[in-house]
Amino acid sequence: MARRQILAEMGYDFTVMTADIDEKAIRKENPEELVVALAEAKADAIISRLQNTAHSKEDANATLLITADTVVVYEGTIREKPSSKDEAREFIQGYSGGQAAVVGSVCVTNLKTGMRKVGWDLAEVYFYEIPAQVIDSLIDEGVTLNVAGGLKLEHPQTFPFVKEVLGAADTVMGLSKALTEQLIEESL
């Protein structure tokens, strides 16, 4: 949802397609390598689907395919989407009064030329103490289960407890505008 919002803010016309890949099957120890591998796998899956199915004129006229992935790194451990409410609670409690790094990748594939440009960006997020009732509310709402590291910076209940972001907030939200623009330019 956040990536869709960011692309709209950037002024692009786009169609959203899901990659339907098994992200857990792709493992890397380095978070930067992991998010790049996942974004490339998403691009490959979508390109394969476009080539193997009859798709609409809109899709056939598409010039660029943009895929992305995001992970959170906390105390040296890569965190993807939480697998349960208990894991989401553990994640958020860990961030309370602490810090986490967000690593996000962008992969831009020119569907006309086949040229692909990939990069990653990093932002650090520092938190105030997050009260237990706020954590409970976020968990009950279920919003934490759909985002890397259970961290949705822009959520109205989360944002007041963000002390500082070093790097771009859009990287934390899932798509670095600056990196996306750079890779689009390089791929055209």
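Keep in mind it's a predicted model, so treat the numbers as computed, not measured. In this chain, numbering begins with 1 at the start of the sequence shown.
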So, do Cys107 and Thr109 sit near enough that their side-chain heavy atoms are less than 4.5 Å apart?
yes
I'd like to know whether CD of Glu29 has more than 12 heavy-atom contacts from other residues, nucleotides or ligands below 6.0 angstrom.
no
Spell out, as yes or no, whether a donor-acceptor pair under 3.5 Å connects the side chain of Ser187 to the backbone of Leu183.
yes
State plainly whether one hydrophobic cluster holds both Ile6 and Val35, where clusters connect Ile, Leu, Val, Met, Phe, Trp and Tyr through side-chain heavy atoms under 4.5 angstrom apart.
no
Tell me whether Val125 shares a hydrophobic cluster with Ile92, the cluster being built from Ile, Leu, Val, Met, Phe, Trp, Tyr side chains joined at under 4.5 Å.
yes
Rounded to the nearest 0.5 Å, the CG atom of Leu111 sits from the CG atom of Leu65 at a distance of 5.5 Å
Do any N or O atoms from the side chain of Arg27 and from the backbone of Leu34 form a donor-acceptor pair under 3.5 angstrom?
no
Just verifying a value: how many Å separate Glu33 CD and Ile26 CD1, rounded to the nearest 0.5 Å?
13.0 Å
Just verifying a value: how many Å separate Lys112 NZ and Asn110 CG, rounded to the nearest 0.5 Å?
8.5 Å
With sequence neighbours left out, write down each residue that passes side chain to side chain contact (heavy atoms under 4.5 Å, CB included) with Asp13, or none if nothing qualifies.
none
Would you please name every residue forming a side chain to side chain donor-acceptor pair (under 3.5 Å) with Glu129, sequence neighbours left out?
Ser96
Looking at residues at least two apart in the chain, or sitting in another chain, which of them share a side chain to side chain donor-acceptor pair (under 3.5 Å) with Ser176?
Asp121
If you group Ile, Leu, Val, Met, Phe, Trp and Tyr by side-chain heavy-atom gaps below 4.5 Å, do Leu175 and Leu122 land in one group?
no
Close side-chain approach of Lys85 to Leu145, heavy-atom, < 4.5 Å:
yes
According to ring-ring contact (aromatic ring centres under 6.0 Å, His included), does anything in residues 102-151 pair up with another residue at least two apart or in another chain? List the pairs.
Tyr95-Phe127
Per the ring-ring contact (aromatic ring centres under 6.0 Å, His included) rule, what does the pair list look like for residues 153-188, sequence neighbours excluded?
none
Might you point out which heavy atoms bring Gly174 and Ala68 nearest each other, and give the distance in Å?
O-CB, 3.9 Å
Partners passing side chain to side chain contact (heavy atoms under 4.5 Å, CB included) against Ala45 (at least two apart in sequence or in another chain):
Ala19, Ile21
Tell me every residue that passes side chain to side chain donor-acceptor pair (under 3.5 Å) with Lys117, counting only those two or more places apart in sequence or in another chain.
none
Same apolar cluster: Met115 and Ile184, side chain cutoff 4.5 Å
no
Counterpart residues, side chain to side chain contact (heavy atoms under 4.5 Å, CB included), relative to Ser83 (two or more places apart):
Glu87
Quick one: which residue pairs count as a salt bridge (Lys or Arg N to Asp or Glu O under 4.0 Å) with a foot in residues 170-186, not counting sequence neighbours?
Glu9-Lys177
Check for a donor-acceptor pair, side chain of Arg79 on one end and backbone N or O of Gly150 on the other, with a separation under 3.5 Å.
no
With side-chain contact (heavy atoms from CB on, under 4.5 Å) as the test, pick out the partner of Val102 among Leu153, Val165, Leu151.
Leu151
Please report the C-alpha distance between Glu40 and Leu38 in whole Å, then the side-chain angles of each, then the deciding distance to 0.1 Å, and finally whether the side chain to side chain contact (heavy atoms under 4.5 Å, CB included) criterion is met.
CA-CA 5 Å; Glu40 289 185 313; Leu38 288 167; over 6 Å; no
Distance, nearest 0.5 Å, that separates CZ of Arg89 from CD1 of Ile135:
7.5 Å
For the backbone of Asp20 and the side chain of Thr18, can you confirm whether one donor and one acceptor N or O come within less than 3.5 Å of each other?
no
Hydrophobic cluster membership, Leu188 vs Tyr12, 4.5 Å side-chain cutoff
yes
For Thr171 and Gly104, work out which heavy atoms get closest and say how close.
CG2-N, 4.4 Å
Value rounded to 0.5 Å, distance of CE in Met17 from CG in Leu50
4.5 Å
Counterpart residues, side chain to side chain contact (heavy atoms under 4.5 Å, CB included), relative to Asp22 (two or more places apart):
Lys24, Ala25
Across all chains, not counting sequence neighbours, the salt bridge (charged side-chain N to carboxylate O under 4.0 Å, His left out) partners of Arg116 are Asp44
List the atom pairs, donor and acceptor, that lie under 3.5 Å between side-chain atoms in residues 69-78 and the rest of the protein, sequence neighbours left out.
residue : atom : partner : partner atom : Å
Asp69   : OD1  : Lys42   : NZ           : 2.9
Thr70   : OG1  : Arg3    : NH2          : 3.1
Tyr74   : OH   : Gly94   : O            : 2.8

What heavy-atom pair brings Ala123 and Val172 nearest, and what distance separates the two atoms?
CB-CG2, 3.7 Å
Report the C-alpha separation of Val16 and Arg4 in whole Å, then their side-chain angles, then the decisive distance to 0.1 Å, and conclude whether the side chain to side chain contact (heavy atoms under 4.5 Å, CB included) test is met.
CA-CA 8 Å; Val16 175; Arg4 190 177 301 177; 3.5 Å; yes
Roughly how far, to the nearest 0.5 Å, is CD1 of Ile130 from CG of Asp136?
12.0 Å
